[in-house]
Amino acid sequence: MKKLLPFLFITCLFFMAFQCEDDNVTTQESEQNALIASKKAIEDLAATSVCNDTYECKFIALGSKPCGGPWGYVVYSTSIDTEKLKKMVETHNKNEADYNKKWGAASDCMFVTPPTSVNCENNNCIAIY
């Protein structure tokens with residue numbers, strides 16, 4: 001029995017050292033929370049924009065519905081780092097499309113109409129539908 005203990009101890013250490021752990025396992029809830037956080041970050045950045053004679057109002061499609069198309073549009077002005085915003089939106093939209101596919105998400109398949117224009121009112125960009 002005493003000779004067996006060191007063997008068991010070394011065997012246990014071996015298995016502990018080489019055990020399979022996947023630290024990258026995510027849950028549907030954690031991925032959904034990440035999408036919510038990235039959407040909020042995008043909306044927060046867009047909300048810091050101001051418009052006037054110097055800065056132009058624009059909009060960008062945000063989100064990825066399971067049936068296709070965006071969930072909506074974010075209005076912003078060129079007073080912010082527009083390249084940063086575009087990259088954030090691109091990443092968010094791709095991540096949401098991946099989420100939809102991975103988790104079999106469903107939604108209405110209604111087409112979300114983009115704004116016909118965006119106007120500057122009181123230094124804020126306003127979507128016109």
Taking every non-hydrogen atom, the tightest pair across [X] and [Y]:
X	Y	result
Ser117	Asn119	OG-OD1, 4.0 Å
Ala61	Asn93	O-ND2, 3.4 Å
Ser77	Tyr55	OG-CB, 4.1 Å
Cys51	Asn123	O-OD1, 3.0 Å
Tyr99	Gln28	OH-NE2, 3.1 Å
His92	Leu62	CD2-CD1, 3.6 Å

TODO: May I have the step-by-step check of side chain to side chain contact (heavy atoms under 4.5 Å, CB included) for Leu35 and Lys39, ending in yes or no?
DONE: CA-CA 6 Å; Leu35 287 170; Lys39 180 181 179 202; over 6 Å; no
Under 4.0 Å between a side-chain nitrogen and a carboxylate oxygen: does that hold for [X] and [Y]?
X	Y	answer
Lys40	Asp44	yes
Glu96	Lys65	no
Glu90	Lys86	no

TODO: Determine, for cysteines Cys120 and Cys57, whether their SG atoms are under 2.5 angstrom apart.
DONE: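 No, because the SG atoms of Cys120 and Cys57 are not under 2.5 Å apart, which misses the disulfide cut-off.
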Could you tell me whether a side-chain N or O of [X] sits under 3.5 Å from a main-chain N or O of [Y], the two making a donor and an acceptor?
X	Y	result
Thr78	Glu56	yes
Asn52	Thr54	yes
Asn100	Ser64	yes
Thr116	Ile128	yes

Open item on the list: When you compare the side chain of Ile126 with that of Val75, does any pair of heavy atoms fall below 4.5 Å?
Closed with: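 No; the side chains remain at least 4.5 Å from each other.
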- [ ] Kindly work out whether a path of hydrophobic side-chain contacts (I/L/V/M/F/W/Y, heavy atoms less than 4.5 Å apart) joins Ile60 to Tyr73.
- [x]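 Different clusters.
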- [ ] Establish whether Val112 and Phe59 are linked, either directly or via other cluster members, by ILVMFWY side-chain heavy-atom contacts under 4.5 Å.
- [x]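 Linked, Val112 and Phe59 end up in one cluster.
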- [ ] Using only heavy-atom distances, determine whether the side chains of Thr26 and Glu31 contain a donor-acceptor pair under 3.5 Å.
- [x]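 A pair is found: one side chain offers a donor N or O, the other an acceptor, under 3.5 Å apart.
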Task: Approximate separation, where rounding is to 0.5 Å, of Ser38 OG and Glu43 CD - done: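 Ser38 OG to Glu43 CD: 9.5 Å, rounded to 0.5 Å.
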Task: Distance (rounded to the nearest 0.5 Å) between Tyr76 OH and Thr48 OG1 - done: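 Tyr76 atom OH to Thr48 atom OG1 measures 12.5 Å (nearest 0.5 Å).
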Open item on the list: Would you say that more than 12 heavy atoms from the other residues, nucleotides or ligands in this model lie under 6.0 Å from the NZ of Lys102, or not?
Closed with: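 Correct, the count exceeds 12.
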Open item on the list: For Glu29, is the CD atom crowded, meaning more than 12 foreign heavy atoms sit under 6.0 Å from it?
Closed with: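 No.
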Open item on the list: Among Ile80, Asp81, Val89, exactly one meets side chain to side chain contact (heavy atoms under 4.5 Å, CB included) together with Leu45. Which residue is that?
Closed with: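 Exactly one pass, corresponding to Ile80.
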Open item on the list: Evaluate Val50 against Asn124 for side chain to side chain contact (heavy atoms under 4.5 Å, CB included), listing each step before the verdict.
Closed with: CA-CA 6 Å; Val50 295; Asn124 291 308; 5.6 Å; no
